[in-house]
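Here's the structure, in structure tokens; my notes come after.
Side-chain atoms are counted along with the backbone in the values below, which use heavy atoms only and exclude waters and symmetry mates. Proteins come first, then strands; the chains are lettered A, B, ... in the order of their sequence lines, and each starts at number 1.
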Protein chains: 2
Amino acid sequence: METHPLYGELKITRKKSGYSRGKNGYEHILFATLNILIEEGYNSISFRNIAKACDMNVGNVNYYFSSKQELIRQLLEAIIGHYEDEFDKSLDQDGIAAEDRLRAYITIVLEDIKTKKTTRLFPELWVLANQDSFVADRVEALYRRARTYLNKIILDLNPDLPAKERETLALFLSASMEGMTTFAGYNKPWADHMELIINITTKSFLDLVKNITVNDISALSNSKKS
Amino acid sequence: METHPLYGELKITRKKSGYSRGKNGYEHILFATLNILIEEGYNSISFRNIAKACDMNVGNVNYYFSSKQELIRQLLEAIIGHYEDEFDKSLDQDGIAAEDRLRAYITIVLEDIKTKKTTRLFPELWVLANQDSFVADRVEALYRRARTYLNKIILDLNPDLPAKERETLALFLSASMEGMTTFAGYNKPWADHMELIINITTKSFLDLVKNITVNDISALSNSKKS
DNA sequence: TATTATTTTGGTCAATCGTACTATTTTAAT
DNA sequence: ATTAAAATAGTACGATTGACCAAAATAATA
């Protein structure tokens with residue numbers, strides 16, 4: 001299973017123990033399903049498709065996952081869990097200046113968006129979240145964790161900003177970067193301009209976070225301009 | 001057909017003429033399909049689903065649209081065409097200061113993102129674009145048109161910014177707003193904070209567009225900070 | 001009214017789907 | 001070597017899908 005092209009891209013937490021052969025089969029199915037999801041989209045996922053990709057029988061796939069919903073949920077858990085782990089691993093840099101942490105954050109997220117996996121996967125997650133509250137909750141938890149880092153950075157760079165405004169600003173920064181996915185992601189029209197986009201994002205976010213005040217954005221200020 | 005809940009949300013350009021009855025059937029199918037797409041997602045679209053929603057026979061749906069691909073493409077054309085028309089209608093304000101045009105642009109886009117239609121539709125479009133180049137091209141054309149307005153505004157507010165940087169900045173602004181869809185769209189966790197998000201966006205974009213220079217973001221400046 | 005074009009119906013078809021079930025083979029422990 | 005558990009293969013069922021087709025119903029026209 002270490003030979004699978006997508007090996008290392010899932011956080012697999014198998015509950016029941018079994019033979020090593022079974023462990024391989026279980027993981028092989030998850031990797032194959034992930035691959036189909038990336039290459040052909042959610043609609044193309046079927047037990048028979050998966051079985052063919054695993055050189056396995058349909059009944060065997062059903063032996064590991066008693067229902068399609070079960071398979072999809074375990075796959076999404078493995079996908080999102082891996083993103084969370086990678087995120088924590090990339091961003092636990094203590095003792096680094098807040099400004100540099102923000103620079104690193106931007107680069108890590110936007111470089112990741114350029115990968116085929118992230119470009120293809122996240123729009124699928126957004127669609128699934130619109131129809132399945134289980135997915136919606138899990139995706140929301142992922143983004144909430146991602147924002148905790150932004151909130152700390154903003155707190156360091158702009159201590160006077162109240163909590164509500166800080167958290168909404170973190171949401172704005174995170175959502176803003178996510179928006180690049182469909183424009184500058186893998187094989188997208190602006191993929192070649194990602195370096196410039198990263199520079200614009202960095203310049204924009206640094207100025208914004210450091211200088212923004214409550215008066216700039218509070219609800220009262222919807223009539224006057226600075 | 002004027003009684004359909006989604007009446008006015010599609011730009012329908014029927015090619016063949018026929019009896020008025022046929023025109024109604026044709027449009028009814030498109031509106032019903034749009035409704036299914038919004039409420040249940042692309043996966044739930046089927047000839048039989050549509051027929052039931054139209055109180056029509058399955059074969060009749062197939063009579064109007066000889067294939068599902070044909071139906072989907074005409075629907076997407078009607079959807080995107082309508083967005084383009086609405087966009088042009090909302091933003092042809094001549095004689096208004098560039099800064100106010102940017103404010104209006106932000107408000108219009110982000111308020112539209114709050115609607116159920118846009119919140120549900122665009123993630124579906126992004127996914128479809130990943131698998132169907134016809135959809136990818138059509139969606140890209142829509143966004144390209146949207147950026148023409150941003151490019152004019154940037155040109156007014158920051159005449160010294162070269163074309164490449166200006167166009168990439170327009171892309172950044174547009175993508176940034178699109179990113180709010182899955183966070184602050186209809187029924188999303190941050191929907192109630194959209195007013196604050198609009199204020200943050202306005203503050204951020206105005207400062208950025210007015211003050212950014214080539215030196216801030218050009219490829220050379222990846223080692224030094226201001 | 002008779003004729004023609006258009007719309008609608010109802011049914012059929014092969015393909016695919018998720019799932020359940022049994023039988024067989026493989027594996028690990030005794 | 002025996003045995004029980006685990007894994008695999010194979011098959012079959014009911015449901016749904018896109019699509020096709022002939023007949024019937026409707027509308028416009030001469």
> Taking atom P of D/dC20 as reference, at what distance in whole Å does atom CD of B/E70 sit?
Replying inline: 13 Å
> Does anything in residues 118-134 of chain B pair up under salt bridge (Lys or Arg N to Asp or Glu O under 4.0 Å), and if so which pairs, sequence neighbours excluded?
Replying inline: B/R73-B/D132
Side-chain polar contacts of residues 49-58 of chain A - donor-acceptor pairs under 3.5 angstrom, sequence neighbours left out - could you list them?
residue: A/N49; atom: ND2; partner: A/S44; partner atom: O; Å: 2.6
residue: A/N57; atom: OD1; partner: A/G59; partner atom: N; Å: 2.9

>> Please report the interatomic distance OG1(B/T107) to CD(B/E195), rounded to the nearest 0.5 Å.
In response: 10.0 Å
> OH of B/Y63 versus P of D/dA24: gap in Å, rounded?
Replying inline: 18 Å
Report all side-chain donor-acceptor pairs from residues 167-177 of chain A shorter than 3.5 Å, counting only partners two or more places apart or in another chain.
residue: A/T168; atom: OG1; partner: A/K164; partner atom: O; Å: 2.8
residue: A/S176; atom: OG; partner: B/S176; partner atom: OG; Å: 2.6

Identify every side-chain donor-acceptor pair in residues 178-185 of chain A under 3.5 Å, counting partners at least two apart or on other chains, and give the distances.
residue: A/E178; atom: OE1; partner: A/Y143; partner atom: OH; Å: 2.7
residue: A/T181; atom: OG1; partner: A/E178; partner atom: O; Å: 2.6

> Can you give one letter per nucleotide of nucleotides 22-30 of chain C, 5' to 3': B if a protein heavy atom sits under 4.0 Å from the base, S if only from the sugar-phosphate, - if neither?
Replying inline: ----SBS--
> Just how far, in rounded Å, is C1' of C/dT6 from CG of B/N24?
Replying inline: 14 Å
> Given atom CE of B/M56 and atom P of C/dT9, what is their separation to the nearest angstrom?
Replying inline: 7 Å
>> Using the ring pair (Phe, Tyr, Trp, His ring centres under 6.0 Å) definition, which of the options A/F65, A/Y63, A/F31 pairs with A/Y26?
In response: A/F65
> Quick one: do A/K116 and A/E39 make a salt bridge, cutoff under 4.0 Å?
Replying inline: yes
>> Please compare B/G22 and B/N57 by the position of their nearest nucleotide in DNA chain C and report the one closer to 5'.
In response: B/G22
>> Which residue in the set B/L76, B/L128, B/I80, B/I79 passes side-chain contact (heavy atoms from CB on, under 4.5 Å) when paired with B/V139?
In response: B/I80
> What one-letter contact string describes nucleotides 13-21 of chain C from 5' to 3', where B marks a base within less than 4.0 Å of any protein heavy atom, S marks contact via sugar-phosphate atoms alone, and - marks no contact?
Replying inline: ----BBBS-
